2 protein chains.
Amino acid sequence: MPNNPVQCQFVAALDSIVGKWKPLILYHLLQGKPLRFNELRRLLPDITQRMLTLHLRELEEEELVRRVIYPQVPPKVEYSITEYGMSLSPVLETLHRWGAAHVERKRLIQEQKEQADTD
Amino acid sequence: MPNNPVQCQFVAALDSIVGKWKPLILYHLLQGKPLRFNELRRLLPDITQRMLTLHLRELEEEELVRRVIYPQVPPKVEYSITEYGMSLSPVLETLHRWGAAHVERKRLIQEQKEQADTD
DNA sequence: CGTTGCAGTACCTTTTTTCATACTATACCA
DNA sequence: TGGTATAGTATGAAAAAAGGTACTGCAACG
(Lines give C-alpha, C1' and ligand atoms only; values in the text may rest on other atoms or scores of the structure.)
Protein backbone atom coordinates (compact mmCIF):
# COMPACT_ATOMS: atom_id res chain seq x y z
CA MET A 1 0.00 0.00 0.00
CA PRO A 2 1.36 3.42 -0.93
CA ASN A 3 1.90 5.88 1.87
CA ASN A 4 0.56 8.85 -0.03
CA PRO A 5 -2.88 9.14 1.59
CA VAL A 6 -4.71 10.37 -1.47
CA GLN A 7 -3.27 7.66 -3.65
CA CYS A 8 -3.94 5.20 -0.89
CA GLN A 9 -7.65 5.83 -1.03
CA PHE A 10 -7.92 5.38 -4.75
CA VAL A 11 -5.86 2.27 -4.67
CA ALA A 12 -7.93 0.80 -1.87
CA ALA A 13 -11.12 1.46 -3.74
CA LEU A 14 -9.91 0.31 -7.12
CA ASP A 15 -8.33 -2.84 -5.78
CA SER A 16 -11.75 -3.98 -4.68
CA ILE A 17 -13.47 -3.11 -7.90
CA VAL A 18 -10.96 -3.84 -10.55
CA GLY A 19 -10.20 -7.00 -12.19
CA LYS A 20 -11.81 -7.37 -15.55
CA TRP A 21 -14.95 -8.94 -14.11
CA LYS A 22 -15.37 -7.73 -10.57
CA PRO A 23 -17.63 -4.75 -11.22
CA LEU A 24 -19.93 -7.01 -13.17
CA ILE A 25 -20.02 -9.71 -10.52
CA LEU A 26 -20.80 -7.11 -7.90
CA TYR A 27 -23.39 -5.50 -10.11
CA HIS A 28 -25.29 -8.74 -10.47
CA LEU A 29 -25.06 -9.60 -6.80
CA LEU A 30 -26.17 -6.10 -5.88
CA GLN A 31 -29.50 -6.89 -7.49
CA GLY A 32 -30.09 -8.63 -4.18
CA LYS A 33 -30.75 -12.23 -5.12
CA PRO A 34 -28.12 -14.78 -4.11
CA LEU A 35 -26.67 -16.51 -7.13
CA ARG A 36 -25.13 -19.90 -7.65
CA PHE A 37 -21.79 -20.32 -9.31
CA ASN A 38 -23.20 -21.38 -12.63
CA GLU A 39 -25.92 -18.78 -12.55
CA LEU A 40 -23.21 -16.15 -12.39
CA ARG A 41 -21.39 -17.92 -15.15
CA ARG A 42 -24.44 -17.65 -17.36
CA LEU A 43 -24.75 -13.97 -16.58
CA LEU A 44 -21.12 -13.46 -17.60
CA PRO A 45 -21.00 -15.61 -20.69
CA ASP A 46 -17.39 -14.87 -21.59
CA ILE A 47 -15.73 -15.46 -18.27
CA THR A 48 -13.82 -18.65 -17.71
CA GLN A 49 -14.52 -20.80 -14.70
CA ARG A 50 -11.07 -20.07 -13.43
CA MET A 51 -11.48 -16.32 -13.55
CA LEU A 52 -14.88 -16.45 -11.92
CA THR A 53 -13.51 -18.55 -9.10
CA LEU A 54 -10.51 -16.31 -8.59
CA HIS A 55 -12.50 -13.12 -8.53
CA LEU A 56 -15.13 -14.53 -6.23
CA ARG A 57 -12.45 -15.65 -3.81
CA GLU A 58 -10.94 -12.20 -3.76
CA LEU A 59 -14.30 -10.58 -3.18
CA GLU A 60 -14.97 -13.04 -0.40
CA GLU A 61 -11.65 -12.27 1.23
CA GLU A 62 -12.55 -8.60 1.33
CA GLU A 63 -15.91 -9.47 2.84
CA LEU A 64 -17.76 -7.91 -0.03
CA VAL A 65 -19.31 -11.21 -0.99
CA ARG A 66 -20.57 -14.12 1.10
CA ARG A 67 -20.13 -17.74 0.06
CA VAL A 68 -22.47 -20.34 1.44
CA ILE A 69 -21.94 -24.02 0.75
CA TYR A 70 -24.90 -26.36 0.98
CA PRO A 71 -23.56 -29.81 1.81
CA GLN A 72 -25.44 -31.76 -0.79
CA VAL A 73 -24.72 -33.59 -3.95
CA PRO A 74 -24.46 -32.36 -6.62
CA PRO A 75 -22.87 -29.39 -4.86
CA LYS A 76 -24.69 -26.14 -4.29
CA VAL A 77 -22.86 -22.93 -3.51
CA GLU A 78 -24.54 -19.58 -3.22
CA TYR A 79 -22.95 -16.19 -3.49
CA SER A 80 -24.52 -13.06 -2.15
CA ILE A 81 -23.58 -9.49 -1.41
CA THR A 82 -22.66 -8.69 2.20
CA GLU A 83 -23.83 -5.65 4.09
CA TYR A 84 -20.40 -4.18 3.61
CA GLY A 85 -20.54 -5.02 -0.08
CA MET A 86 -23.68 -2.93 -0.34
CA SER A 87 -21.66 0.12 0.60
CA LEU A 88 -20.11 -0.19 -2.84
CA SER A 89 -23.46 0.40 -4.46
CA PRO A 90 -23.08 4.17 -4.94
CA VAL A 91 -19.63 3.71 -6.41
CA LEU A 92 -20.80 1.14 -8.91
CA GLU A 93 -23.84 3.18 -9.76
CA THR A 94 -21.90 6.37 -10.42
CA LEU A 95 -19.44 4.42 -12.50
CA HIS A 96 -22.19 2.74 -14.41
CA ARG A 97 -23.99 5.96 -15.15
CA TRP A 98 -20.85 7.71 -16.36
CA GLY A 99 -19.99 4.69 -18.46
CA ALA A 100 -23.37 4.84 -20.16
CA ALA A 101 -22.93 8.52 -20.96
CA HIS A 102 -19.41 7.87 -22.17
CA VAL A 103 -20.56 5.15 -24.53
CA GLU A 104 -23.31 7.37 -25.84
CA ARG A 105 -20.88 10.21 -26.42
CA LYS A 106 -18.53 7.98 -28.35
CA ARG A 107 -21.42 6.79 -30.47
CA LEU A 108 -22.40 10.36 -31.29
CA ILE A 109 -18.88 11.31 -32.26
CA GLN A 110 -18.64 8.25 -34.46
CA GLU A 111 -21.92 9.18 -36.11
CA GLN A 112 -20.72 12.69 -36.84
CA LYS A 113 -17.55 11.33 -38.37
CA GLU A 114 -19.51 9.06 -40.66
CA GLN A 115 -21.78 11.96 -41.62
CA ALA A 116 -18.73 14.01 -42.56
CA ASP A 117 -17.36 11.15 -44.63
CA THR A 118 -20.44 10.91 -46.82
CA ASP A 119 -20.29 14.63 -47.62
CA MET B 1 -15.65 -3.49 -26.67
CA PRO B 2 -17.90 -6.20 -25.30
CA ASN B 3 -21.41 -6.37 -26.66
CA ASN B 4 -23.07 -7.02 -23.32
CA PRO B 5 -24.47 -3.54 -22.64
CA VAL B 6 -24.04 -3.65 -18.88
CA GLN B 7 -20.48 -4.84 -19.13
CA CYS B 8 -19.89 -2.32 -21.84
CA GLN B 9 -20.69 0.55 -19.53
CA PHE B 10 -18.38 -0.60 -16.80
CA VAL B 11 -15.58 -1.24 -19.20
CA ALA B 12 -16.00 2.16 -20.79
CA ALA B 13 -15.86 3.85 -17.44
CA LEU B 14 -13.02 1.83 -16.02
CA ASP B 15 -10.90 2.12 -19.12
CA SER B 16 -10.84 5.84 -18.63
CA ILE B 17 -10.04 5.70 -14.97
CA VAL B 18 -7.81 2.75 -14.57
CA GLY B 19 -4.22 2.44 -15.06
CA LYS B 20 -2.28 2.58 -11.88
CA TRP B 21 -1.98 6.36 -12.00
CA LYS B 22 -4.90 7.76 -13.92
CA PRO B 23 -7.25 8.43 -11.04
CA LEU B 24 -4.50 10.33 -9.33
CA ILE B 25 -3.60 12.39 -12.36
CA LEU B 26 -7.25 13.25 -12.84
CA TYR B 27 -7.64 14.03 -9.18
CA HIS B 28 -4.84 16.56 -9.27
CA LEU B 29 -6.03 18.14 -12.49
CA LEU B 30 -9.57 18.30 -11.14
CA GLN B 31 -8.28 20.75 -8.54
CA GLY B 32 -8.58 23.18 -11.43
CA LYS B 33 -5.07 24.52 -11.88
CA PRO B 34 -3.24 23.54 -15.07
CA LEU B 35 -0.08 21.64 -14.29
CA ARG B 36 3.18 21.23 -16.12
CA PHE B 37 4.65 17.85 -16.78
CA ASN B 38 7.20 18.05 -14.03
CA GLU B 39 4.74 19.54 -11.59
CA LEU B 40 2.63 16.44 -12.02
CA ARG B 41 5.71 14.35 -11.62
CA ARG B 42 6.43 15.95 -8.28
CA LEU B 43 2.86 15.33 -7.15
CA LEU B 44 3.20 11.66 -8.07
CA PRO B 45 6.67 10.98 -6.72
CA ASP B 46 6.77 7.30 -7.61
CA ILE B 47 5.65 7.45 -11.20
CA THR B 48 8.19 7.05 -13.96
CA GLN B 49 8.40 9.60 -16.74
CA ARG B 50 7.35 6.96 -19.19
CA MET B 51 4.19 6.04 -17.30
CA LEU B 52 3.22 9.65 -16.79
CA THR B 53 3.63 10.32 -20.50
CA LEU B 54 1.68 7.26 -21.51
CA HIS B 55 -1.20 7.93 -19.18
CA LEU B 56 -1.41 11.57 -20.13
CA ARG B 57 -1.52 10.64 -23.79
CA GLU B 58 -4.36 8.25 -23.18
CA LEU B 59 -6.30 10.80 -21.19
CA GLU B 60 -5.71 13.32 -23.95
CA GLU B 61 -6.97 10.91 -26.56
CA GLU B 62 -10.21 10.50 -24.65
CA GLU B 63 -10.52 14.27 -24.39
CA LEU B 64 -10.47 14.13 -20.64
CA VAL B 65 -7.28 16.17 -20.49
CA ARG B 66 -6.00 19.04 -22.60
CA ARG B 67 -2.36 19.42 -23.57
CA VAL B 68 -1.02 22.82 -24.47
CA ILE B 69 2.49 23.29 -25.79
CA TYR B 70 4.15 26.68 -25.40
CA PRO B 71 6.71 26.99 -28.17
CA GLN B 72 9.64 28.09 -26.09
CA VAL B 73 12.88 26.70 -24.90
CA PRO B 74 13.28 25.01 -22.51
CA PRO B 75 9.93 23.45 -23.35
CA LYS B 76 6.77 24.24 -21.47
CA VAL B 77 3.73 21.99 -21.65
CA GLU B 78 0.64 22.44 -19.58
CA TYR B 79 -2.00 19.87 -18.80
CA SER B 80 -5.48 20.73 -17.67
CA ILE B 81 -8.83 19.06 -17.23
CA THR B 82 -11.34 19.48 -20.05
CA GLU B 83 -14.99 20.25 -19.60
CA TYR B 84 -15.72 16.65 -20.43
CA GLY B 85 -13.09 15.53 -17.95
CA MET B 86 -14.96 17.39 -15.26
CA SER B 87 -17.88 15.04 -15.76
CA LEU B 88 -15.70 12.42 -14.12
CA SER B 89 -15.62 14.41 -10.93
CA PRO B 90 -18.54 12.63 -9.21
CA VAL B 91 -17.11 9.26 -10.12
CA LEU B 92 -13.72 10.09 -8.68
CA GLU B 93 -15.26 11.62 -5.62
CA THR B 94 -17.45 8.63 -4.83
CA LEU B 95 -14.51 6.35 -5.37
CA HIS B 96 -12.31 8.45 -3.18
CA ARG B 97 -14.82 8.58 -0.37
CA TRP B 98 -15.41 4.85 -0.41
CA GLY B 99 -11.66 4.28 -0.52
CA ALA B 100 -11.20 6.37 2.60
CA ALA B 101 -13.87 4.42 4.47
CA HIS B 102 -12.37 1.16 3.25
CA VAL B 103 -8.94 2.10 4.50
CA GLU B 104 -10.37 3.12 7.83
CA ARG B 105 -12.27 -0.15 8.14
CA LYS B 106 -9.17 -2.16 7.43
CA ARG B 107 -7.30 -0.19 10.06
CA LEU B 108 -9.99 -0.94 12.64
CA ILE B 109 -9.98 -4.65 11.87
CA GLN B 110 -6.21 -4.70 12.11
CA GLU B 111 -6.41 -2.95 15.47
CA GLN B 112 -8.90 -5.49 16.79
CA LYS B 113 -6.67 -8.31 15.68
CA GLU B 114 -3.71 -6.83 17.50
CA GLN B 115 -5.84 -6.34 20.59
CA ALA B 116 -6.81 -10.01 20.48
CA ASP B 117 -3.17 -11.00 20.13
CA THR B 118 -2.08 -9.26 23.32
CA ASP B 119 -4.80 -11.04 25.30
C1' DC C 1 -25.33 -46.60 -20.55
C1' DG C 2 -24.06 -42.14 -22.25
C1' DT C 3 -24.92 -37.19 -21.27
C1' DT C 4 -25.63 -33.27 -18.61
C1' DG C 5 -25.22 -30.30 -14.61
C1' DC C 6 -22.91 -29.07 -10.36
C1' DA C 7 -18.60 -26.40 -8.45
C1' DG C 8 -14.71 -26.28 -8.86
C1' DT C 9 -8.86 -27.46 -9.33
C1' DA C 10 -4.38 -28.07 -11.91
C1' DC C 11 -1.28 -26.75 -15.14
C1' DC C 12 0.55 -24.03 -18.69
C1' DT C 13 0.50 -20.12 -22.16
C1' DT C 14 -0.43 -15.60 -23.68
C1' DT C 15 -1.37 -10.85 -23.18
C1' DT C 16 -1.13 -6.64 -20.83
C1' DT C 17 0.88 -3.55 -17.79
C1' DT C 18 4.49 -1.63 -15.46
C1' DC C 19 9.40 -0.73 -14.40
C1' DA C 20 14.38 0.61 -15.07
C1' DT C 21 17.83 2.80 -17.36
C1' DA C 22 19.87 5.51 -20.69
C1' DC C 23 19.44 9.16 -23.98
C1' DT C 24 17.98 13.73 -26.63
C1' DA C 25 18.45 19.31 -27.18
C1' DT C 26 18.54 23.70 -25.37
C1' DA C 27 18.91 27.47 -21.98
C1' DC C 28 19.91 29.41 -17.67
C1' DC C 29 22.89 29.82 -13.49
C1' DA C 30 27.16 30.02 -10.93
C1' DT D 1 32.53 25.12 -18.15
C1' DG D 2 29.88 22.09 -15.58
C1' DG D 3 25.42 21.33 -13.44
C1' DT D 4 20.41 21.75 -13.51
C1' DA D 5 15.85 22.03 -15.45
C1' DT D 6 12.61 21.31 -19.28
C1' DA D 7 9.63 17.43 -21.70
C1' DG D 8 10.02 13.87 -23.27
C1' DT D 9 11.69 8.97 -26.39
C1' DA D 10 13.90 4.32 -26.88
C1' DT D 11 14.78 -0.17 -25.48
C1' DG D 12 14.52 -4.24 -23.00
C1' DA D 13 13.15 -6.68 -18.79
C1' DA D 14 9.98 -8.00 -15.23
C1' DA D 15 5.66 -8.55 -13.08
C1' DA D 16 0.81 -8.97 -13.08
C1' DA D 17 -3.45 -10.30 -15.09
C1' DA D 18 -6.07 -13.09 -17.92
C1' DG D 19 -6.98 -17.07 -20.83
C1' DG D 20 -7.26 -22.19 -22.41
C1' DT D 21 -7.74 -26.87 -21.75
C1' DA D 22 -8.28 -30.85 -19.31
C1' DC D 23 -9.80 -33.14 -15.26
C1' DT D 24 -12.55 -34.50 -10.80
C1' DG D 25 -16.88 -37.15 -8.44
C1' DC D 26 -21.45 -37.83 -8.06
C1' DA D 27 -26.45 -37.78 -9.28
C1' DA D 28 -30.33 -37.34 -12.16
C1' DC D 29 -32.27 -37.68 -16.85
C1' DG D 30 -33.43 -40.09 -21.02
Side-chain angles (χ1 to χ4, degrees), chain A residues 1-4 7 10-26 28-29 33-62 65-80, chain B residues 1-4 7-8 10-12 14-26 28-29 33-62 65-80:
Chain A
M1 187 101 68
N3 45 14
N4 176 329
Q7 179 166 5
F10 280 119
V11 170
L14 287 169
D15 273 2
S16 306
I17 291 178
V18 170
K20 193 166 172 183
W21 305 96
K22 278 192 204 167
L24 230 31
I25 294 171
L26 289 166
H28 286 300
L29 292 177
K33 220 184 83 189
L35 294 169
R36 299 179 63 169
F37 186 82
N38 276 1
E39 285 180 309
L40 273 167
R41 205 142 81 94
R42 278 188 286 273
L43 290 169
L44 282 53
D46 292 337
I47 198 171
T48 61
Q49 274 180 306
R50 172 182 165 69
M51 278 301 118
L52 182 53
T53 305
L54 287 179
H55 280 136
L56 283 170
R57 291 295 137 83
E58 283 178 32
L59 292 170
E60 195 193 349
E61 192 141 343
E62 293 188 274
V65 160
R66 186 180 304 111
R67 177 165 177 258
V68 178
I69 306 168
Y70 295 85
Q72 61 187 51
V73 103
K76 174 176 173 182
V77 179
E78 266 189 359
Y79 295 89
S80 54
Chain B
M1 186 99 70
N3 46 13
N4 176 329
Q7 178 166 6
C8 203
F10 280 119
V11 170
L14 286 170
D15 273 2
S16 305
I17 292 179
V18 170
K20 193 165 172 186
W21 306 97
K22 277 192 202 166
L24 232 30
I25 294 172
L26 289 166
H28 286 300
L29 292 177
K33 221 184 81 188
L35 295 170
R36 298 179 62 171
F37 186 82
N38 276 1
E39 285 180 307
L40 272 168
R41 205 142 80 95
R42 278 187 286 273
L43 289 169
L44 282 51
D46 293 337
I47 198 172
T48 61
Q49 274 181 307
R50 175 180 165 69
M51 276 302 116
L52 183 52
T53 305
L54 287 180
H55 280 137
L56 283 170
R57 291 295 137 82
E58 283 178 31
L59 292 169
E60 195 193 351
E61 192 140 343
E62 294 189 273
V65 160
R66 187 180 303 110
R67 177 164 177 259
V68 179
I69 305 167
Y70 296 85
Q72 61 186 52
V73 104
K76 174 175 172 181
V77 179
E78 266 189 358
Y79 294 90
S80 54

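Here is the naming used below: chain letters follow the sequence lines, and residue numbers restart at 1 for every chain. Just so we're clear, the structure is a prediction, and the values are computed from it rather than from any experiment.
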Sequence neighbours excluded - side chain to side chain donor-acceptor pair (under 3.5 Å) pairs with any residue from residues 68-77 of chain B: B:Y70-B:E78
With A:N38 via side-chain contact (heavy atoms from CB on, under 4.5 Å) - residues at least two apart: A:R41, A:R42
Do the side chains of B:F37 and B:L56 get nearer than 4.5 Å, heavy atoms only? yes
Does anyone know the first and last nucleotide of DNA chain D in reach of chain B, 5' to 3', at under 4.0 angstrom to a heavy atom? D:dT6 to D:dT11
For a quick check of understanding: with a heavy-atom distance under 4.0 Å over all strands, which category does A:Y79 fall into, base, sugar-phosphate or nothing? sugar-phosphate
Identify, with sequence neighbours excluded, every residue that meets side-chain contact (heavy atoms from CB on, under 4.5 Å) alongside A:L43. A:H28, A:L35
Please examine the side chains of A:V65 and A:S80, heavy atoms only from C-beta on, and report whether any two atoms are closer than 4.5 Å. no
Any side-chain heavy-atom pair from B:L24 and A:F10 closer than 4.5 angstrom? yes
Phosphate oxygens OP1/OP2 of C:dT9: is one of them under 4.0 Å from a side-chain N or O of A:R57? yes
Sorted by first residue and then second, give each side chain to side chain donor-acceptor pair (under 3.5 Å) pair with at least one member in residues 51-61 of chain A; sequence neighbours left out. A:K22-A:E58
Can you list the residues that meet the side chain to side chain donor-acceptor pair (under 3.5 Å) rule with A:T48, with sequence neighbours excluded? none
Between the protein and nucleotides 17-22 of chain C, which nitrogen or oxygen pairs come in under 3.5 angstrom?
from: C:dT18; atom 1: OP1; to: B:K20; atom 2: N; distance (Å): 2.8
from: C:dC19; atom 1: OP1; to: B:K20; atom 2: NZ; distance (Å): 2.7
from: C:dC19; atom 1: N4; to: B:R50; atom 2: NE; distance (Å): 2.7

Search all heavy atoms of A:S16 against all heavy atoms of A:L59 and return the closest pair with its distance. O-CD2, 3.8 Å
With a 4.0 Å heavy-atom cut-off, tell me which residues in residues 33-44 of chain A come close to DNA chain C, sorted by residue number. A:R36, A:F37, A:N38, A:R42
Within a strict 4.5 Å, meaning less than it, do heavy atoms of the B:V77 and B:R36 side chains meet? no
